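Being a predicted model, the structure only gives us computed values, none of them experimental. Side chains included, hydrogens not; waters and symmetry mates left out as well; all remaining heavy atoms used.
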Amino acid sequence: MHYTLKHLHYVEAAERHQSITHAANALTVSPSSIAAAIDHLEGQSDQPLFQRTPSRGIRATQFGRTFIDEVRSLLAAQARFDMRVTELNTVLDGTARIACFTPLAPILLPTILKDVRERFTNLKIEIMDVSTTEIPQVIDSGEADFALCYGMLDTSKYSFIPFFRAPPYVALSADHPLAAGRFVTLEQLEPEPLVVLELELSKQYLLGLFEAKGLKPNVIFSARSTDMIRAMVAAGMGYGIFNIRPMTKQTYVIGDISELPLAGDHECPSVGIMVRRGLALQPVCDAIINACQLQAMSGAFDGALIQPHVQQDY
């Protein structure tokens, strides 16, 4: 095959955003450049990488998913090489102040920070757990240099560097009748007791999944932490819907949890880094963001995701 790293970056971004236009905006190139890269690689492989659906973006074919997994492995190796060369010539020190959306912090930050500290031993890192509504405040005030969060904020004022998409999934008590299946639908869940996360945008997103299908969930309980929701679910008090899960097995005082894909086509938020547009970050911050991108491409966060149930392959 004949290709360039630019072709691979463009195709990887297109799959990550599930949109040629959104990928072009993120990379600051024209949509035609992204489309040309896709056409080139499809021609070289003699296989379609994406199914294009008007007004609904693009979705990787079965071949495309496998192909892009290999692309990410190659790009991760190239990023490691670039980072290693930079490390040979640069000693980074200083302090990075990271705001992190509270439910993401205990799941993703340990993996991120362990890798960063091993690479750059002189760095100091300050972390603050915040809600989605607090993120713009701490970025604008300068309390935080950047934020690790879902990409649901004002893109005219902030830029967002996506690392991966986080499909919604369902957490049920292990002995729930629905836990015996391979997936769960919103229609099956509608009459069941739901435990919601009492954070404004998170709750709005969750209820919006049902509203998009003309359904009304049976909200019985609410909690302000995902750990509390998972404990209630394990005890059989209801079900929860999440996008990110702990990457290690959790234990609960009562019961256990089964996690199943949520069937259907749903809004699927991206997890990544948010920074204020026009703000020049310190080299220490750039180093951390680059390390995060490298980890995402190499699959370091895959254990935090439940892949969606695919009802039909294209």
Counting N and O atoms only, with roles assigned by atom type, does the side chain of R165 sit under 3.5 Å from a partner on the main chain of R16, one being a donor and the other an acceptor?
yes

Please tell me whether E143 and S141 have a donor and an acceptor in their side chains that are separated by less than 3.5 angstrom.
yes

Nearest 0.5 angstrom please: D256 CG to Y252 OH, how far?
7.0 Å

Are E192 and H176 close enough that a side-chain donor and a side-chain acceptor fall under 3.5 Å?
yes

Here the gap from Y150 atom OH to M274 atom CE, rounded to the nearest 0.5 Å, amounts to 15.5 Å

Go through the side-chain N and O atoms of S131 and T133 and say whether any donor and acceptor fall under 3.5 Å apart.
yes

Donor-acceptor under 3.5 Å (D145 side chain, R97 main chain)
yes

Residue list, side-chain contact (heavy atoms from CB on, under 4.5 Å) with A35, at least two apart or on another chain
I20

To the nearest 0.5 Å, what is the distance between CD1 (I34) and NE2 (H17)?
8.5 Å

Just grab all the ring-ring contact (aromatic ring centres under 6.0 Å, His included) pairs involving residues 210-240, residues at least two apart or on different chains.
none

Counting only heavy atoms not in L74, do more than 12 fall under 6.0 Å of its CG?
yes

Picking from L189, I306, V233, T185, what satisfies side-chain contact (heavy atoms from CB on, under 4.5 Å) with V170?
L189

Mark yes or no for whether S222, through its side chain, and V196, through its backbone, hold a donor-acceptor pair below 3.5 Å.
no

Decide side chain to side chain donor-acceptor pair (under 3.5 Å) for D227 and S225; before the verdict, give the C-alpha distance in whole Å, the side-chain angles of both, and the deciding distance to 0.1 Å.
CA-CA 5 Å; D227 285 344; S225 78; 5.6 Å; no

I'd like to check the side-chain contact (heavy atoms from CB on, under 4.5 Å) partners of E211; sequence neighbours left out, ordered by chain and number.
L207

By salt bridge (charged side-chain N to carboxylate O under 4.0 Å, His left out), which residues pair with D69, not counting sequence neighbours?
none

Can you list the residues that meet the side-chain contact (heavy atoms from CB on, under 4.5 Å) rule with L260, with sequence neighbours excluded?
L172, V184

Inspect the contact between R72 and E12 and indicate whether a charged nitrogen and a carboxylate oxygen are less than 4.0 angstrom apart.
yes

Given side chains that start at C-beta, do those of I112 and L148 come closer than 4.5 Å, heavy atoms only?
yes

Run the salt-bridge test on R245 and E259 with the 4.0 Å N-O cut-off and return the result as yes or no.
yes

Tell me if a side-chain donor or acceptor on R59 pairs with a main-chain N or O of Q51 at a distance below 3.5 Å.
no

In chain order, what residues pass the side-chain contact (heavy atoms from CB on, under 4.5 Å) check against P246, with sequence neighbours excluded?
I107, R230, Q250

